[in-house]
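Protein chains get the first letters and strands the later ones, always in sequence-line order, with residue 1 at the start of each.
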There are 2 protein chains.
Amino acid sequence: MSLSRISRKLDLSITTVSRALGGHSDVSSATRARVEAEALRIDYRPHEGARRLRRGRADAVGLILPTGIGRFDDPFFLRLLSAVGPALAEAGLDLLVSSAPPGDAELAAYRHMVEGRKVDAFLLARMRVRDARVDYLQNAAVPFVAHGRSSSKRPYAFVDTDGTQVVAQATSRLIGFGHRSIAFLAASGDLSFSIARESGWRQALTEAGLIATAIFQAEPTEAGGFDAMHALLCSVAPGDLQVSAVVCATDRMAVGVLHALAETGLRAGRDISVIGFDDHAFSTHTAPPLTTIAQPIEAAGRRMVAMLTQILAGADPETLFEIMSAQLIARASDGPAAEQSRIETTKGQTL
Amino acid sequence: MSLSRISRKLDLSITTVSRALGGHSDVSSATRARVEAEALRIDYRPHEGARRLRRGRADAVGLILPTGIGRFDDPFFLRLLSAVGPALAEAGLDLLVSSAPPGDAELAAYRHMVEGRKVDAFLLARMRVRDARVDYLQNAAVPFVAHGRSSSKRPYAFVDTDGTQVVAQATSRLIGFGHRSIAFLAASGDLSFSIARESGWRQALTEAGLIATAIFQAEPTEAGGFDAMHALLCSVAPGDLQVSAVVCATDRMAVGVLHALAETGLRAGRDISVIGFDDHAFSTHTAPPLTTIAQPIEAAGRRMVAMLTQILAGADPETLFEIMSAQLIARASDGPAAEQSRIETTKGQTL
DNA sequence: TTTGAAATCCGAAACCTTTCGGATGGACTG
DNA sequence: CAGTCCATCCGAAAGGTTTCGGATTTCAAA
């Protein structure tokens, strides 16, 4: 009831109105102007449903938030969402959001959107090394762009942060501070970002001739970090701790580690160094302020949308990727190794 | 190409297939069974676009994230989103998300969804006392459910936390600890939640015969809290501070306050008490762990969806509302007032 | 046997847009 | 003047679903 309304008013065919508004060349500029004026006057908006029906696409993309075990509130996703929103809007794409815990329910959520033809493509985040979502989407021939990589037969479009390189740099910084036994606190599960960061840690250690055995893992939350560090501290007599520095897979874990340290009376940045990853807003304000790594989430989001529009326009997903570099933000949670731990490390690196 | 596919295969009319699947009564149970079996076999899903075109509704609801000044990553929204997602899915509703900074761009985002008939209704969060979104939506006769109240002529459906009551309780707790000069750190702007919480603080103070003048405000972020507390601490000579406790409008602000305190060598929970609001994941792990207030965000999200479906089914929005109670979580950032400040307060309450 | 109602089914229209394949008229070419 | 070509317009179909207003059959009641 709308293209037709303009067409009646202006005594033109529906076709002509449609083509005028659609910017086609076979309509005179005079007619086009008349149509545009009338469209503006009655504030015409094409009916999305009709358009989708006719064009056979949804002009929408899906994003399914991975609900975590327990409470789910990682600032990462919000930053991604808020970057992706305007970019998508500018491209004329809607964003359909849902949430599901990884596993069958998650796949079902993807299937729901695909089979209902609700979206043309997906944005994926928080990739896992063996990622069922990738298999499913590639199989169903649904385009997507991921934030992070995973091991799949066929390559796909992605944006990723070079976690390996920058964590290696952070670890080297600790080595430069005199630390000899540096632990890595990995995120549990097979989260790609954690594995990339871990290998940066390992790399720096190996290069410096140190052994990379002090690795433990926990849920990528504050509680996970706290529990892991707490367990570590309880496992040895006070003053007998081997580890003098901890590189954490995420800021949230680092916050938990800081807490466990404070609880035991250990001073982060002096007795033990801690480095996080993400540079979330709260990390400036921990006690002490957290040395961490800033990754360009907003830029990544915008880049993902750009890739998506290219793919939707026919580009080959296999050729589209970008690895962005992250930046070490030195604050106060790390520093020179205390004499004591420098000596103790000679006894061994394992825990 | 799909109802028709079933109809051809089964030698029925499209009408009958549609009505069989739609649960209408004028189709024999034998036929219905055949249709259902075939639909299952070919994994039939109605085409959303076609359905929307015909039915004239979108079966989708919109949620526009208010991008803040600077970086935007309040865990509140993520918790709300993850609660709302599954509830909406169960009701057969899609969730369309966008983001925009409050102001003209925000209204434009709402208009975009409304006028493109992309959604049937909205979910609103982070209400402001004078909220242009409410005016616009009521005017355009688009249903919505809000989290939080605002001052509008016509009432609307909302779920809210009773911030006033619980903050009064928290403030009384501080008074019970012997604090006599208790400040409130409000969120800037005219955010409803902050105003409700402020009035709880004021109420408790007044009831105890204390003067409620120590109020200052800042952006509802860690940086905002830090700057405000920092400025306060710098404005007086050390040891001359009037305020012995601070009630913060949000946990994020409280984190900043904690940081400012630590920087000056003041011990939160001993020299100065701090209470937050939200009980976000990181609040368990601040130094010291933050005494705060837990509000039921997930339950609120589910309740909002329930209300929305009622409204979409014809219920009167003006009769739908629920005020949920929040809970004080006592941790270590507050405690008995130090002798010193108890004496000093006699000098005056203002800052 | 006729009538009427109930149980089942179906044709066609409508929702709004896009696009294929022309149609029309005028200007230009040869 | 016949033939071409171009600029501009339009009719009709298609896309998948729902629903209005019957049509047909069956069966019991009169």
Side-chain angles (χ1 to χ4, degrees), chain A residues 1-39 42-60 92-94 113-120 312-313, chain B residues 1-39 42-60 92-94 114-120 312:
Chain A
M1 187 58 152
S2 242
L3 271 189
S4 68
R5 194 165 135 204
I6 299 182
S7 78
R8 270 199 310 276
K9 171 94 176 186
L10 263 36
D11 226 359
L12 287 168
S13 76
I14 294 181
T15 302
T16 302
V17 175
S18 172
R19 298 185 73 77
L21 260 17
H24 291 247
S25 62
D26 60 350
V27 24
S28 73
S29 46
T31 307
R32 189 192 307 280
R34 283 206 306 145
V35 170
E36 277 168 353
E38 176 66 9
I42 68 167
D43 198 26
Y44 166 78
R45 309 287 163 131
H47 187 291
E48 291 288 331
R51 174 173 274 186
R52 283 171 193 190
L53 174 56
R54 170 65 222 204
R55 303 218 273 214
R57 52 199 169 89
D59 283 331
L93 262 14
D94 291 339
M113 286 198 187
V114 169
E115 289 166 356
R117 301 177 197 75
K118 292 169 190 293
V119 299
D120 301 320
L312 255 16
Chain B
M1 187 62 152
S2 240
L3 272 187
S4 68
R5 193 164 136 204
I6 299 182
S7 79
R8 269 200 310 275
K9 171 93 175 187
L10 261 37
D11 227 359
L12 288 166
S13 76
I14 293 182
T15 301
T16 303
V17 175
S18 172
R19 297 186 71 78
L21 260 17
H24 292 247
S25 62
D26 61 349
V27 26
S28 72
S29 47
T31 307
R32 189 192 308 280
R34 284 206 306 146
V35 170
E36 277 168 352
E38 177 65 10
I42 69 167
D43 197 24
Y44 165 78
R45 309 287 163 128
H47 186 291
E48 291 289 332
R51 172 173 277 185
R52 283 171 193 189
L53 173 57
R54 170 65 223 204
R55 302 217 272 211
R57 50 198 170 91
D59 283 332
L93 260 17
D94 291 339
V114 170
E115 289 166 355
R117 301 179 198 74
K118 292 168 189 292
V119 299
D120 301 322
L312 256 14

Look up atom CD in B:Glu115 and atom CZ in B:Arg117, then write down how far apart they are to the nearest 0.5 Å.
-> 9.5 Å
Atom pair distance, as rounded to whole Å: CG in B:Leu53 and C1' in C:dT18 = 13 Å
Rounded to the Å, how far apart are A:Ile6 CD1 and C:dC16 P?
-> 13 Å
Report yes if at least one side-chain N or O of A:Ser18 is closer than 4.0 Å to OP1 or OP2 of C:dT18; otherwise report no.
-> yes
Quick one: B:Arg57 CZ to D:dT17 C1', roughly how many Å, whole number?
-> 12 Å
Quick one, give me the B/S/- string for nucleotides 7-14 of chain D, reading 5' to 3', where B means a protein heavy atom under 4.0 Å from the base and S means that only happens at the primed atoms, P, OP1 or OP2.
-> -BBBBBBB
Closest nucleotide among C:dT18, D:dT19, C:dT17 to the A:Arg55 side chain = C:dT18
In Å and rounded to the nearest 0.5 Å, what is the CZ to NE2 distance from B:Arg52 to A:His47?
-> 9.5 Å
Value for OG (A:Ser18) from CZ (A:Arg54), rounded to nearest 0.5 Å, stands at 9.5 Å
Rounded to the nearest Å, what distance is computed from the CG atom of residue B:Leu10 to the C1' atom of nucleotide C:dC9?
-> 14 Å
If you measure from CG on A:Leu53 to CD on B:Glu48, what distance do you get to the nearest 0.5 Å?
-> 12.0 Å
To the nearest 0.5 Å, tell me how far A:Leu3 CG sits from A:Ser7 OG.
-> 7.5 Å
Expressed in angstrom and rounded to an integer, what is the separation of A:His47 atom NE2 from D:dG16 atom C1'?
-> 13 Å
Atom CZ of B:Arg5 and atom C1' of D:dT17 are separated, to the nearest Å, by 16 Å
May I ask you to evaluate whether A:Tyr44 reaches the phosphate of C:dC16, defined as a side-chain N or O under 4.0 Å from OP1 or OP2?
-> no
Applying side chain to side chain donor-acceptor pair (under 3.5 Å) to B:Arg19 and not counting sequence neighbours gives B:His24, B:Asp26
Measure from CZ on B:Arg51 to C1' on D:dG16 and round the result to the nearest Å.
-> 10 Å
Value for OG1 (B:Thr31) from CG (B:Leu10), rounded to nearest 0.5 Å, stands at 8.5 Å
CG of A:Leu3 versus P of C:dA14: gap in Å, rounded?
-> 17 Å
